[in-house]
Amino acid sequence: MTDQRLLHGQWSSRLAFILAASGSAIGLGNIWKFPYLLGENGGGAFVLVYLACVVGIGLPIMMAETMLGRRGRQSPINTMAALAEEAGVHRAWRYVGWLGVAAGFLILSYYSVIAGWSMAYIFKMGGGFLNNVTPQMAQQTFQDIKAAPDVQLVWHTAFMAATVLIVSKGVSQGLERVARLMMPGLFLMLLALDIYAAGTSGFSQGMSFLFKPEFSKLTGESLLVAMGQAFFSLGLGMGSIMVYGSYLPDHVSIGRSSIFVATADTLVALMAGVAIFPVVFSNQLAPGMGPGLIFESLPLAFGHMPGGSLFGTLFFILVFFAAITSAIALIEPAVAWLSENRSLSRVRASIYAGFACWFLGLGTLISFSHGASVTWFGKTLFELVDFITADLMLPAGGILIAVFAGWIVKKQESAQELELGSYFCYWRILIRYVAPLSVFIIFAHAMGLL
Ligand code: PFF
């Protein structure tokens with residue numbers, strides 16, 4: 001085990017870790033998923049519950065997960081096994097790592113399909129096909145892509161291939177470089193979109209939809225969805241931040257880095273909301289239209305602003321980068337485990353894991369067209385995989401991580417790792433009681449038990 005820990009790569013600096021962790025957090029979850037979920041779940045009240053989940057559940061779990069990773073310095077499965085052994089508790093704790101690897105696979109399988117849509121939009125925008133579009137044309141363009149599994153297959157394949165290529169290059173070479181470029185660019189582009197949105201006729205309606213809570217619109221399921229989205233967006237509960245933490249040098253403050261990453265992630269999601277909803281209301285689109293929301297609304301903004309096709313192309317390129325830095329995090333736990341335990345080279349491990357995700361993704365891909373009528377519990381395959389992973393597996397993984405970090409890791413050890421000073425006691429209350437209980441209550445409420 002000691003050898004393994006020594007061989008394990010490390011980030012070159014604190015900035016490198018922050019960039020990579022934000023790269024994992026900021027992705028399609030912020031730009032594509034958060035807006036459409038809040039559109040489907042009634043707006044302001046959803047945003048409020050989401051924010052409460054980020055602060056009360058997500059942030060403490062992010063610190064816990066990073067801490068466990070740095071203590072274990074291996075893939076999540078081996079880290080959990082090693083830490084359980086060290087603490088003298090049951091070996092079954094390593095299944096937390098397995099749960100994460102499985103969730104990562106399943107999420108990446110559909111994530112890649114959606115990322116493929118944004119790649120297709122790079123070319124739609126760049127080719128000027130969306131200049132001066134009407135809402136009907138924008139909707140038609142998206143429906144055409146959704147109805148063409150062959151086109152989606154090309155992009156899904158291209159996205160997985162790009163992910164495998166970057167992951168196979170290893171920790172600092174591949175992962176750091178991509179993250180460093182993308183983040184500032186994405187931020188600036190969203191700022192430009194927000195400024196544009198502020199000048200549209202639907203701005204005030206968009207703002208009150210986003211920020212005026214109407215609690216009557218919240219159901220048990222939408223509470224669950226808001227919590228699941230907090231896990232998804234911060235990239236928690238599946239060991240990917242654990243694996244990033246495992247590459248973290250000892251002197252970096254986990255507390256401060258986590259606060260930075262969670263704030264950046266939340267800001268980007270809110271900025272995406274501010275960019276999208278005014279455009280939705282200005283063009284009489286339906287906020288609850290589902291996964292097509294950004295693809296049908298943003299082209300309307302770009303299509304009517306000066307230099308729009310250039311900005312639009314750049315925007316979707318940035319979305320692609322945001323997606324790929326998250327995809328890397330989703331596959332990393334599996335790749336780390338394959339290369340540690342099956343003595344595969346990183347290149348081989350990445351190819352095997354990537355191929356498996358690609359294959360699983362074919363199911364999601366079909367579920368948007370020919371397979372749309374095949375449903376389980378009223379959900380298409382995409383919706384089902386999304387629900388099981390984001391709303392069940394990630395929060396379940398999160399509870400287990402919280403319990404392990406709060407109840408099993410010794411108090412002095414976590415105090416030393418986190419360096420939160422006098423705030424440590426708040427973290428401990430959140431991680432021991434607030435986070436596990438809230439997840440549990442939201443689960444129970446959604447199942448109709450409360
Ligand atoms: N946080 C990413 C997003 O918002 O798009 C998705 C994600 C990455 C989820 C890494 C889970 C994860 F471990």
Side-chain angles (χ1 to χ4, degrees), residues 19-38 50 53-54 58-59 61-62 65-66 68-69 75-76 96-97 99-118 159 163 166-167 175 178-179 182-183 186 190 225-246 258 261-262 264-273 291 294 318-337 353 357 385-398 401:
L19 280 171
S22 325
S24 148
I26 298 171
L28 295 173
N30 308 62
I31 300 161
W32 159 75
K33 201 172 181 201
F34 177 74
Y36 94 73
L37 288 181
L38 86 89
Y50 174 78
C53 290
V54 168
L59 190 56
I61 292 184
M62 183 179 262
E65 205 176 318
T66 315
L68 297 183
S75 70
V96 178
L99 183 73
V101 169
F105 258 82
L106 289 170
I107 294 176
L108 185 54
S109 73
Y110 77 73
Y111 204 82
S112 168
V113 176
I114 313 292
W117 295 351
S118 60
F159 184 80
T163 305
I166 297 178
V167 172
L175 314 195
V178 177
M182 177 220 87
M183 234 78 64
L186 188 67
L190 279 172
V225 172
M227 177 183 70
Q229 173 62 10
F231 277 96
F232 185 91
S233 188
L234 295 171
L236 298 179
M238 54 146 284
S240 83
I241 286 291
M242 197 183 285
V243 100
Y244 278 9
S246 75
S258 303
V261 174
D265 185 67
T266 307
L267 203 63
V268 170
L270 291 176
M271 284 171 83
I294 67 160
L318 289 166
V319 172
F320 163 74
F321 278 124
I324 208 153
T325 50
S326 299
I328 291 165
L330 283 162
I331 207 173
E332 182 65 23
V335 171
W337 182 80
C357 285
V385 174
D386 179 32
F387 179 75
I388 293 176
T389 50
D391 299 345
L392 303 181
M393 291 171 91
L394 298 186
I401 287 168

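The first residue in the sequence is number 1, and the count goes up from there. Ligands are counted one by one from 1 in listed order, and the atoms in each one are counted from 1 as well.
The single protein non-hydrogen atom nearest to atom 13 (F) of ligand 1 is S240 OG, 2.8 Å, given as residue, atom name and distance. For atom 8 (C) of ligand 1, the nearest protein heavy atom (residue, atom name, distance) is S24 O, 3.4 Å. The nearest protein atom to atom 7 (C) of ligand 1, hydrogens excluded, is given as F232 O, 3.6 Å; this is a heavy-atom distance.
Using modelled atom types, one side-chain atom of T325 and one backbone atom of A322 make a donor-acceptor pair closer than 3.5 Å. No side-chain donor-acceptor contact under 3.5 Å links W32 to the backbone of I294. Proximity of a side-chain donor or acceptor of N30 to a complementary backbone N or O of G27 within less than 3.5 Å is detected. The backbone N or O of D386 lies less than 3.5 Å from a partner atom in the side chain of T389, making a donor-acceptor pair. Not one N or O on the side chain of E65 forms a donor-acceptor pair closer than 3.5 Å with the backbone of G245.
Counting the atoms of ligand 1 from 1 in the order shown, those under 4.0 Å from a heavy atom of G29 are 3 (C), 4 (O), 5 (O). In the vicinity of M238, heavy-atom distances shorter than 4.0 Å reach the ligand 1 atoms 11 (C), 12 (C), 13 (F). Proximity to L28 (heavy-atom distance under 4.0 Å) selects the following atoms of ligand 1: 5 (O). The Y111 neighbourhood of ligand 1 comprises atoms 2 (C), 3 (C), 5 (O), 6 (C), with distances under 4.0 Å to a heavy atom of that residue. Residue-ligand proximity, N30 to ligand 1, at heavy-atom distances under 4.0 Å covers atoms 4 (O).
In this pair, F159 and F320 present their aromatic rings perpendicular. The plane angle is above 60°, beyond the 30 to 60° band.
Residue A25 has at least one nitrogen or oxygen atom sitting less than 3.5 Å from a nitrogen or oxygen atom of ligand 1, judged on distance alone. Between L236 and ligand 1, not a single N/O pair is under 3.5 Å apart. Where the criterion is an N or O separation shorter than 3.5 Å, residue side chain and backbone included, I107 fails it with respect to ligand 1.
Side-chain contact between F34 and S233 is absent, with no heavy-atom pair separated by less than 4.5 Å. Side-chain contact between D391 and V225: present, with at least one pair of heavy atoms (C-beta onward) separated by less than 4.5 Å.
Contact analysis leaves G104 out of contact with ligand 1, as no non-hydrogen atom separation drops below 4.0 angstrom.
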